[in-house]
Amino acid sequence: MRYFPDSLMRLLTELQKLPGVGPKTAQRLAFHLLKEPAEDARRLGNAIGTIHEKLTNCTICGSITELHDDPCRICEHPQRDHSVICVVEDPDDVSIFERTGTYSGMYHVLGGLLSALNHVRPEDLRIPELINRLRGGEVAEVIFALSPSVEGSATVTYMLQHLAPHDIRVTQIAYGVPIGSDLDYVDDVTLSQALEARNEVG
Ligand SMILES: [Zn+2]
């Protein structure tokens, strides 16, 4: 066991709580911060320390937005297509679709997928919020862009019952591309094509 002063040990402990950061990476990051000007470390600390105060979930789509910018810029954008809603699992997925620059509709973040194994029930997801959005009559299509896993399929199946009473087109993006947690590894062209070649469901 290597010896570190208490303050450094505290930083290492916190860094190692981050996904993908093991002891070695934590040490590399910590020593890098020590070498850099103090101001850089302060700025980083400040950016991390204030994310919960400055960011919130958009009250309409559930994506991440500035506290003073709710509803988010996508939901409020006058030029975007408010008649199409792309349903995704996490806020992170929104940024991935936005990266492609080809989708101009709305989003709806569920906040997870139904899973008996992980005890995720329908009431844990933002399903009523989506149904509410359909009541205005402006929405013509809902596109599912969920992982093609057992949980993703179960979520789509469950939601189809709730979408059925509404007179809307329900589609899902063309699979054959690894999506879901691996959405980040799909290149923009493939993702755009998967969206373009979406199929009717239900
Ligand atoms: Zn929004």
Side-chain angles (χ1 to χ4, degrees), residues 19 47-115 120-149 151-152 155-156 158-174 177 179-186 188 191-196 198 201-202:
I48 293 172
T50 55
I51 52 167
H52 285 281
E53 285 93 70
K54 295 202 166 179
L55 298 173
T56 187
N57 292 98
C58 171
T59 43
I60 296 178
C61 71
S63 187
I64 303 290
T65 186
E66 295 283 344
L67 200 58
H68 58 77
D69 218 7
D70 180 24
C72 74
R73 285 172 194 195
I74 295 174
C75 288
E76 291 281 74
H77 204 296
Q79 261 90 51
R80 293 190 71 121
D81 186 354
H82 288 247
S83 73
V84 184
I85 298 179
C86 180
V87 178
V88 295
E89 181 183 346
D90 289 317
D92 197 24
D93 297 332
V94 172
S95 66
I96 294 165
F97 273 99
E98 283 303 288
R99 193 188 62 196
T100 69
T102 52
Y103 178 70
S104 62
M106 300 286 109
Y107 293 96
H108 192 85
V109 177
L110 286 179
L113 296 175
L114 291 180
S115 167
V120 182
R121 301 155 304 168
E123 53 267 42
D124 298 321
L125 305 179
R126 299 182 66 256
I127 297 173
E129 286 88 341
L130 177 65
I131 304 303
N132 259 337
R133 293 177 73 179
L134 304 180
R135 294 214 170 95
E138 193 187 7
V139 179
E141 181 179 357
V142 165
I143 306 168
F144 284 108
L146 304 176
S147 136
S149 60
E151 289 83 5
T155 308
V156 171
Y158 176 84
M159 290 183 67
L160 281 176
Q161 307 161 31
H162 294 268
L163 296 177
H166 300 270
D167 184 25
I168 49 164
R169 185 179 178 217
V170 182
T171 57
Q172 65 183 3
I173 67 168
V177 293
I179 66 154
S181 54
D182 295 322
L183 211 58
D184 209 13
Y185 300 107
V186 181
D188 295 356
L191 194 57
S192 299
Q193 284 170 348
L195 196 58
E196 192 59 38
R198 58 190 186 267
V201 284

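Counting convention: from 1, in listed order, for ligands and their atoms alike.
- Val120 places none of its side-chain heavy atoms less than 4.5 Å from the side chain of Glu151.
- No more than 12 heavy-atom neighbours from other residues, nucleotides or ligands sit within 6.0 angstrom of CD on Glu196.
- The count of protein N, O or S atoms under 2.8 Å from the Zn ion (ligand 1) stands at 4, with waters excluded from the count.
- Counting heavy atoms from C-beta on, the side chains of Met106 and Ile60 never come closer than 4.5 Å.
- Judged as a ring-ring contact (aromatic ring centres under 6.0 Å, His included), and not counting sequence neighbours, His82 has no contacts.
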Begin with the C-alpha distance, continue with both residues' side-chain angles, and end with the deciding distance and a verdict on side chain to side chain donor-acceptor pair (under 3.5 Å) for Asp70 and Thr59. CA-CA 7 Å; Asp70 180 24; Thr59 43; 3.1 Å; yes
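- Under the 4.5 Å side-chain criterion, counting only non-hydrogen atoms from C-beta, Pro122 is in contact with Leu114.
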